[in-house]
Amino acid sequence: MKILVIGGGNMGLTYAQSFLRSHITQKEDMMILEKSPEKAVQLAQLNIGSVFSEPKDCLGLADLIILAVKPQDAPTLFGVLRPLVEKQQVYLSIMAGVKISTIAQGLNASKIIRAMPNLPAQIGMGMTAYTASDEVTRIELVMVQNLLNTTGKTIYVEQESAIDATTAISGSGPAYVFYFMDAMMKAARGMGFNDSEAELLVSQTFRGTVDLYNKSNFSCSEWIAKVSSRGGTTEAAMQTYQDRLVQEDIVAGAQAALARAIELGES
């Protein structure tokens, strides 16, 4: 199977490197299409496959084409690719907000998989939701799932609307976590810790807590109860969050992200 990644940015490069590192493919079957001459030179130096600057030189060689460009660049890209598309090719899009129907119409293609990865995919700890058009065969879907699994965990969703919801939760989610971590680091510095101490305290707390959650059968509420004691420090913090409606604000933020994802898909 020959793979073409269109767009040599962070996620495009992440996919190419993850596929090779997992030995699912080899660099002789990996191609990258990058329009920036400077970036193309950098990619070529990484020796992760053949780098092209013109679609006509590589699109017809690929079995799977990964669309890893910015959503706003999609209309221009579709216009360039459309005359070169072949019926049997499978297109995997990670363009946020761009619907399968839009891709199908823009490319005159039928085998389309739409996925939403997140930032931790760069270190093999990503979370990706994906769905597909009816024309994608089960074998092709399994093939793509195996590729996506090289970047972390995956979940298949029946309804494409769930991709927008995934964007709001796991796609944007790392920013929510960083926001909370940053606030905790700021609190630590205010209590007298220096930057490195504050970073260690917070990052290790998050890392250990997530591992603890994953290795247990307790819910978040149950763990909060275990950490808290009546009249203690944790209870004081939890009461402050409750009084200030912090949980409701987090939910509202995710809902705002969902609304924006839907809006982008309709534009």
Side-chain angles (χ1 to χ4, degrees), residues 8-15 17-18 21 39 42 46 68 70-72 94 96-97 116-129 151-155 164-261 263-264:
N10 287 334
M11 283 309 303
L13 182 58
T14 292
Y15 278 143
Q17 292 176 322
S18 295
R21 188 165 50 245
K39 190 64 180 290
Q42 295 174 4
L46 294 176
K70 296 178 180 178
Q72 58 266 34
I94 60 171
M116 173 47 60
N118 66 2
L119 196 61
Q122 295 184 7
I123 58 168
M125 294 291 290
M127 181 67 240
T128 301
T151 65
K153 302 290 187 180
T154 60
I155 180 173
D164 290 329
T166 302
T167 302
I169 300 300
S170 59
S172 298
Y176 313 158
V177 175
F178 289 134
Y179 187 85
F180 199 89
M181 289 178 66
D182 187 55
M184 287 183 64
M185 289 178 192
K186 186 178 297 184
R189 289 192 293 269
M191 296 174 189
F193 294 103
N194 61 36
D195 288 348
S196 61
E197 291 169 338
E199 181 178 348
L200 177 60
L201 283 167
V202 174
S203 64
Q204 184 60 26
T205 297
F206 269 76
R207 182 182 296 111
T209 301
V210 171
D211 284 348
L212 186 64
Y213 176 82
N214 287 334
K215 293 177 181 178
S216 77
N217 294 318
F218 296 116
S219 68
C220 290
S221 296
E222 289 171 329
W223 273 118
I224 290 172
K226 286 180 176 295
V227 177
S228 304
S229 57
R230 187 177 297 276
T233 58
T234 306
E235 185 181 73
M238 292 297 106
Q239 187 61 53
T240 300
Y241 293 153
Q242 185 174 335
D243 293 344
R244 293 173 180 265
L245 304 179
V246 172
Q247 189 173 78
E248 287 81 353
D249 284 345
I250 292 172
V251 172
Q255 291 290 348
L258 172 59
R260 181 55 177 159
E263 183 182 11
L264 288 170

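All heavy atoms count here, side chains included; hydrogens, waters and symmetry mates do not.
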For the residue pair Ala198 and Ala188, what are the closest heavy atoms and their distance?
-> CB-CB, 3.7 Å
Nearest heavy-atom contact between Tyr176 and Ala257 is OH-CB, 3.4 Å
If you count the non-hydrogen atoms of other residues, nucleotides and ligands that lie under 6.0 Å from CZ in Phe193, is the total more than 12?
-> no
Output for pair (Arg189 CZ, Leu201 CG), nearest 0.5 Å, gives 11.5 Å
Indicate yes or no for a side-chain donor-acceptor contact from Glu263 to the backbone of Ala259 under 3.5 Å, with no hydrogens or angles considered.
-> no
If you measure from CD1 on Ile169 to CG on Asn118, what distance do you get to the nearest 0.5 Å?
-> 12.0 Å
Beyond-backbone contact of Ser203 with Met181, side-chain heavy atoms, under 4.5 angstrom = yes
Is there side-chain contact between Val202 and Phe206, with at least one heavy-atom pair below 4.5 Å?
-> yes
Ignoring hydrogens and angles, tell me if any N or O in the side chain of Ser172 forms a donor-acceptor pair with the backbone of Thr167 under 3.5 Å.
-> yes
Check whether any side-chain N or O of Ser228 sits under 3.5 Å from a backbone N or O of Ala225 as a donor-acceptor pair, and report yes or no.
-> no
Exercise: identify the closest heavy-atom pair between Ser18 and Thr151 | OG-CG2, 3.6 Å
Quick one: CD on Gln122 to OH on Tyr15, what's the gap to the nearest 0.5 Å?
-> 11.0 Å
With the side chain counted from C-beta on, respond yes when Leu46 and Leu13 share a heavy-atom pair under 4.5 Å apart, and no when they do not.
-> yes
Separation of Thr205 OG1 from Leu200 CG (nearest 0.5 Å) = 8.5 Å
Please round to the nearest 0.5 Å and tell me the distance separating atom OG1 of Thr154 and atom CE of Met116.
-> 15.0 Å
Residue Gln247 excluded, over 12 heavy atoms near CD under 6.0 Å = no
Output the distance between atom CD1 (Ile250) and atom CG (Leu245), rounded to the nearest 0.5 Å.
-> 11.5 Å
Which pair of non-hydrogen atoms, one from Lys39 and one from Gly8, has the smallest distance, and what is that distance?
-> NZ-O, 2.6 Å
Between Trp223 and Phe218, the two heavy atoms sitting closest are NE1-CB, 3.4 Å
For residues Ala121 and Thr14, report the shortest heavy-atom separation together with the two atoms involved.
-> O-CG2, 3.3 Å
